[in-house]
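Along the sequence shown, the residues carry numbers beginning at 1. Just so you know, these numbers use all the heavy atoms, side chains as well, and skip hydrogens, waters and symmetry mates.
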Amino acid sequence: MSRTSNRTDGDIIRDFLSVADLLKESQLAQLYAYLVHEYEATVQDMIDDLELGQGTAYSNVNRLVDAGVVEVTHDEQPRRYAAREIDLTVTTAAGDREYTITPALIDVVGRAETNDDIDTYVDRHGVAGLATALTYAVARERGDVTHRLMAEDLDISPLAAEMILQALRPVVHEYYDIEEFGASFDVDNSDRK
């Protein structure tokens, strides 16, 4: 669901509204993230792996298909489903900030249901704040920032910064290419505050 120049305004609005649903409902986000990781799955796979009720699974899969973020890849029974790529950039009304909505962010939203640290962070800072924290988490895992720098930049406590960075660490390693610290990893800290 990448944004391309030949798309109509209606397509872009539909994409945005579909993604907005994923960011509002952690169960939908969790199901989408599952399909990103599995590439393809049946509803029975989702029921078994995510411990969903049959009615909930079918309802949520149908909502995601109707929204255009999941597609049917095998139409014969049992049907197989796959996630469509999402890469949507949203600019605030003031034009001072941009947020890129990716499968990694949607995965984090899905984890809020089972991770108290993520859930608390979303309650306090919203999904936009969570998107910013994810950016810091990637930078931290690459050795570019510390939790104290994040805390200072975002005006939050160092403890809150550390907690969300730890909660986001598994997602960062699943979705981003992070070099492991070693002999070839060199960080220039000369310009650091």
Checklist line | Separation between CG of Leu52 and CG of Asp48, rounded to the nearest 0.5 Å | finding: 10.0 Å

Item checked: Heavy-atom neighbours of Glu51 CD exceed 12 at 6.0 Å -> no

Notebook entry, point to check: Quick one: are His125 and Ile156 in side-chain contact, heavy atoms under 4.5 Å?
Noted result: yes

Notebook entry, point to check: Going from CD on Gln27 to OG1 on Thr56, what distance comes out if it is rounded to the nearest 0.5 angstrom?
Noted result: 6.0 Å

Notebook entry, point to check: By the rule that ILVMFWY residues connect when side-chain heavy atoms come within less than 4.5 angstrom, directly or transitively, which residues belong alongside Tyr39?
Noted result: none

Next item on the list: Evaluate side-chain contact (heavy atoms from CB on, under 4.5 Å) for Leu134 paired with Tyr176, printing each intermediate quantity in order.
Entry: CA-CA 11 Å; Leu134 182 58; Tyr176 298 93; 4.0 Å; yes

Item checked: side-chain contact (heavy atoms from CB on, under 4.5 Å) between Val65 and Glu71, worked out -> CA-CA 6 Å; Val65 169; Glu71 64 186 340; over 6 Å; no

Item checked: Gap between atom CG of Leu64 and atom OH of Tyr81 - 0.5 Å precision -> 10.5 Å

Checklist line | Shortest non-hydrogen separation from Leu165 to Ala133 and the atoms involved | finding: CD2-O, 4.2 Å

Note to self: Using a 3.5 Å distance criterion without hydrogens, assess whether the side chain of Asp123 forms a donor-acceptor pair with backbone atoms of Thr120.
What the structure shows: no

Check: In terms of side-chain geometry, is the basic nitrogen of Arg80 or Glu38 positioned less than 4.0 Å from the acidic oxygen of its partner?
Finding: no

Notebook entry, point to check: With side chains defined as the heavy atoms from C-beta onward, is the minimum distance between Asp153 and Met150 less than 4.5 Å?
Noted result: no

Next item on the list: Search all heavy atoms of Glu40 against all heavy atoms of Thr73 and return the closest pair with its distance.
Entry: OE2-OG1, 2.6 Å

Check: Linking I/L/V/M/F/W/Y whenever any side-chain heavy atoms sit under 4.5 Å apart, do Ile178 and Val36 land together?
Finding: yes

Next item on the list: Looking only at non-hydrogen atoms, find the nearest pair between Pro158 and His147 and report the distance.
Entry: O-CD2, 3.3 Å

Margin query: If I compare all heavy atoms of Val109 with all of Ala29, which pair ends up nearest, and what's the gap?
Written below: CG1-CB, 4.0 Å

Next item on the list: Taking all non-hydrogen atoms of both residues into account, name the closest pair between Ala112 and Asp119 and its distance.
Entry: O-CB, 3.3 Å

Notebook entry, point to check: Just how far is it from atom OG of Ser157 to atom CD of Glu152, taken to the nearest 0.5 Å?
Noted result: 13.5 Å

Notebook entry, point to check: Taking it one step at a time, do Leu168 and Arg140 satisfy side-chain contact (heavy atoms from CB on, under 4.5 Å)?
Noted result: CA-CA 11 Å; Leu168 297 176; Arg140 180 198 174 143; over 6 Å; no

Next item on the list: Please test His74 against Arg79 for side-chain contact (heavy atoms from CB on, under 4.5 Å), starting from the C-alpha separation and ending with a verdict.
Entry: CA-CA 5 Å; His74 182 77; Arg79 284 192 175 128; over 6 Å; no

Next item on the list: To the nearest 0.5 angstrom, please state how far the CG atom of Leu130 sits from the CD1 atom of Ile164.
Entry: 5.5 Å

Next item on the list: Report the distance from atom CG of Asn60 to atom CD of Gln30, rounding to the nearest 0.5 Å.
Entry: 9.5 Å

Notebook entry, point to check: Glu113 and Ser26: which non-hydrogen atoms are nearest, and at how many Å?
Noted result: OE1-OG, 2.7 Å

Checklist line | Hydrophobic cluster membership, Tyr32 vs Leu50, 4.5 Å side-chain cutoff | finding: yes

Next item on the list: Could I get the full list of side chain to side chain donor-acceptor pair (under 3.5 Å) partners for His37, not counting sequence neighbours?
Entry: Asp107, Glu174, Tyr175

